[in-house]
Amino acid sequence: MKRLMEKLEHLLELGGIRKDVTLLVISGAAVICSLLKFQPFPFDMAWIAIVLCGLPIILEAVIGLVTAFDIKADVLVSLALIASICIGEEFAAGEVAFIMQLGALLEELTVAKARAGIEKLVHLTPQTARVLREGREEIVPAEQVRVGDRIRVLPGESLPVDKTVGDFVSSGTVNQFGAFEMEASKVEEDSSIQRMIRLVQSADAGKAKIVGIADRWATWIVVIALTAAALTWLLTGQIIRAVTILVVFCPCALVLATPTAIMAAIGNATKHGFLVREGDALERLAGVKVIAFDKTGTLTYGTPEVVKAASVSEEFSKEDVYRLAASAEQLSEHPLGKAIAAGFRKAGKDSVAPAEAFWMIPGRGVCAQVEGKAVLAGNPELLREQGVPMTVPAEAEEAFRQGCTVIYVAVDGALAGYLALSDTLRQESAATIEALSQLGVQPVLLTGDHENAAAAIAAKLKIRQVRANCLPEDKLTAIGEYQEQGQPVCMIGDGVNDAPALKKADVGIAMGGVGSDIAVDAADIALVDDEVKELPHLIALSKRMMTTIKLNMTFSMALNFAAIVLAIVGTLNPVVGALVHNAGSVLVITNSAFLLKWRKKK
């Protein structure tokens, strides 16, 4: 019997959504023909809807009862269909079947399939490695690399952090310049990228999917409907009243209450730059109490900019320091070097001078001859190693404490000045944080940056809770702590390291423009144009959507009970009851449609 039920279930799933839409269009036309008494065939046109829409409902009810004794709304609808047919009310049966299948289709469209993003993580996993054995380089499959093997990494295979001898390098990172050799300390399942895959999988496992509200209440609906129908038949002796009760008690409008509101809200969100990837994401977002931000690329632009140029030498002005540093860095491949040269050009300064004898020292900085002068631009270690007397100015220390990266500039063996670079805040970030706070959502900063940079950004944005130096596991732990305290969390991030946290959070929002593919795939919602100023609208919209759903449900249940009373006293017959269903469904859809253009009043 179980095998037979499985075959029936497989048969019902054939054709997918295209088949469902086609059958609904044909059934809808048939129901209209039946209502208008247009009968081109020797049978009521409503029979087409009964067969195409009603039969699958009956089969689903039977499968649920036989395999798991699962009493869904399908059970009540099946009873109403069969009873209506038995007393010759084909239109009522066809109309109810059509409305129920319409609701099922809308819910199927609303509830998107889970997108774990695991495939893209797997693609990041190195497929081959250059292993040095007995002085020779061999290209071998990555799974053949063993702990202790020496591996050569070529450029182009973005390290935003400088690495030097003795540092750890994670698998899946990209080397920007210069080849280097490393020793394998973790391989296969123990590697960083494989650990990231497992984190995403485990974080996704506990996230519940939406369950149809009509199905949650189905057991009580069936019991009440059958009791009311049986008592009415016993007391009045009129079976038509009992059948009418079954017809009007079918939760058609209730089935439409949730999916129509969600689809309308998703349409609204799309207009504001959000791609909602999970059907129940907005439902979960409405209950969020904490919103956690990754800093770089989310609240900031993710690209460093020169915010200060200073001179510590009487021989050079701050403009000279900036010009010489930009000239030396113009050939650099490092993100900070590129930012200095680009910032100088953007500021409309004099054109950079040619750089000769350019030499880049990874993890230190650059050396070059500019205008006949020996220019060094880099960290204090570079200047000390090149014999430059080095005392860090107090202003430079203060800039570092405020979260800036400081590049020191020496000319002809003497310290000339320094440049301070910072990841600049998005213009709309402060207003966004304030608006979120007004909505009752607490902003939190979870970032891998050091304490100074994190604290500086948090102070500017008035974010009170900050966690710096966060690894992917640390972000998961932080989110889990809030969830254990009964505070649902929304996580917003853009990088590969944010993927596990985006999955762990009750709702994950990825920056779709600047974000990594993995972060986007791990999230429930993608912010396509990176306009974080729209986040307050999204959260307000989700709350409005839930209000609309509750109104729809309340109206649906009130309509059902009122129709039952009228059916008991004999005022309604099955056909009129079916039309009442239609009216209720139309009103629910209309109310949900208002969400399409809704925007919170300022």
Side-chain angles (χ1 to χ4, degrees), residues 17 20-21 24 28 72-73 77 96 98-114 207-218 221 250-288 439-441 488 490 506-509 524-526 534-561 580-601:
I17 292 179
D20 295 340
V21 171
L24 269 175
K72 296 182 180 180
V77 176
V96 169
F98 171 74
I99 293 294
M100 289 299 295
Q101 287 292 64
L102 176 62
L105 176 65
L106 289 175
E107 193 154 3
E108 187 177 354
L109 292 172
T110 302
V111 182
K113 293 181 180 179
K207 186 175 291 185
K209 300 299 178 186
I210 190 171
V211 179
I213 291 177
D215 285 343
R216 295 180 199 173
W217 295 355
I221 292 174
C250 289
C252 296
L254 185 62
V255 166
L256 294 171
T258 300
T260 55
I262 291 178
M263 290 190 73
I266 288 175
N268 184 314
T270 301
K271 295 177 184 176
H272 290 269
F274 294 96
L275 173 62
V276 180
R277 299 165 50 80
E278 297 290 341
D280 62 337
L282 293 179
E283 184 181 16
R284 287 181 270 122
L285 186 62
V288 161
L439 287 170
V441 182
C490 172
D506 296 271
V507 182
I509 301 178
D524 302 295
I525 301 170
E534 294 291 350
L535 286 173
H537 169 75
L538 184 68
I539 291 180
L541 174 66
S542 68
K543 295 179 183 293
R544 179 67 181 186
M545 182 196 77
M546 291 307 297
T547 300
T548 299
I549 289 175
K550 291 173 183 176
L551 286 173
N552 287 346
M553 291 167 55
T554 302
F555 168 76
S556 302
M557 295 303 294
L559 180 67
N560 272 18
F561 281 108
V580 168
H581 261 138
N582 251 329
S585 300
V586 168
L587 287 174
V588 164
I589 293 172
T590 302
N591 188 43
S592 296
F594 287 126
L595 285 171
L596 285 168
K597 296 185 178 180
W598 182 86
R599 188 170 185 90
K600 184 177 175 62
K601 295 180 180 178

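We count residues from 1, following the sequence as given. Not measured: the values here are computed from a predicted model.
Shown here for Phe98 and Leu24, the closest heavy-atom pair between the two residues is CE1-O, 3.3 Å. The minimum heavy-atom distance between Gly287 and Pro488, with the atom names listed, is O-CG, 3.3 Å. Contact record, Ala264 with Leu595: CB-CB, 3.9 Å, taken as the closest heavy-atom pair. Closest non-hydrogen pair, Leu596 versus Gly267, comes out as CD2-CA, 4.3 Å. Summarising the geometry of Lys543 relative to Leu439, their closest heavy-atom pair is CE-O, 4.0 Å, with the distance given to 0.1 Å. Shown here for Ser592 and Ala261, the closest heavy-atom pair between the two residues is OG-N, 3.4 Å.
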Given side-chain contact (heavy atoms from CB on, under 4.5 Å), test Lys600 with Arg544 step by step and report yes or no. CA-CA 9 Å; Lys600 184 177 175 62; Arg544 179 67 181 186; over 6 Å; no
Walk me through it: do Gln101 and Asp20 pass the test side-chain contact (heavy atoms from CB on, under 4.5 Å)? CA-CA 8 Å; Gln101 287 292 64; Asp20 295 340; over 6 Å; no
Applying side-chain contact (heavy atoms from CB on, under 4.5 Å), run through Leu538 and Ile509 and close with a yes or a no. CA-CA 11 Å; Leu538 184 68; Ile509 301 178; 3.9 Å; yes
Under the side-chain contact (heavy atoms from CB on, under 4.5 Å) rule, what do Ile539 and Val288 come out as? Steps first, then yes or no, please. CA-CA 9 Å; Ile539 291 180; Val288 161; 5.5 Å; no
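Atom CD1 of Ile549 and atom OG1 of Thr260 lie 8.0 Å apart (nearest 0.5 Å). Interatomic distance, Asp280 CG to Asp506 CG, rounded to the nearest 0.5 Å: 10.5 Å. A distance of 12.5 Å separates CG in Leu541 from CG in Leu535, rounded to the nearest 0.5 Å. Here the OG-CZ distance, from Ser542 to Arg284, works out to 11.5 Å after rounding to the nearest 0.5 Å. Within the model, atoms CE of Met546 and CG of Leu285 stand 11.0 Å from one another, a figure rounded to the nearest 0.5 Å.
For Lys271, the NZ atom sits in a packed shell: over 12 heavy atoms of surrounding residues, nucleotides or ligands are nearer than 6.0 Å.
For the pair Asn268 (side chain) and Trp598 (backbone), a donor-acceptor distance under 3.5 Å is present.
Considering only residues two or more places apart in sequence or on other chains, Phe594 meets the ring pair (Phe, Tyr, Trp, His ring centres under 6.0 Å) condition with none of them.
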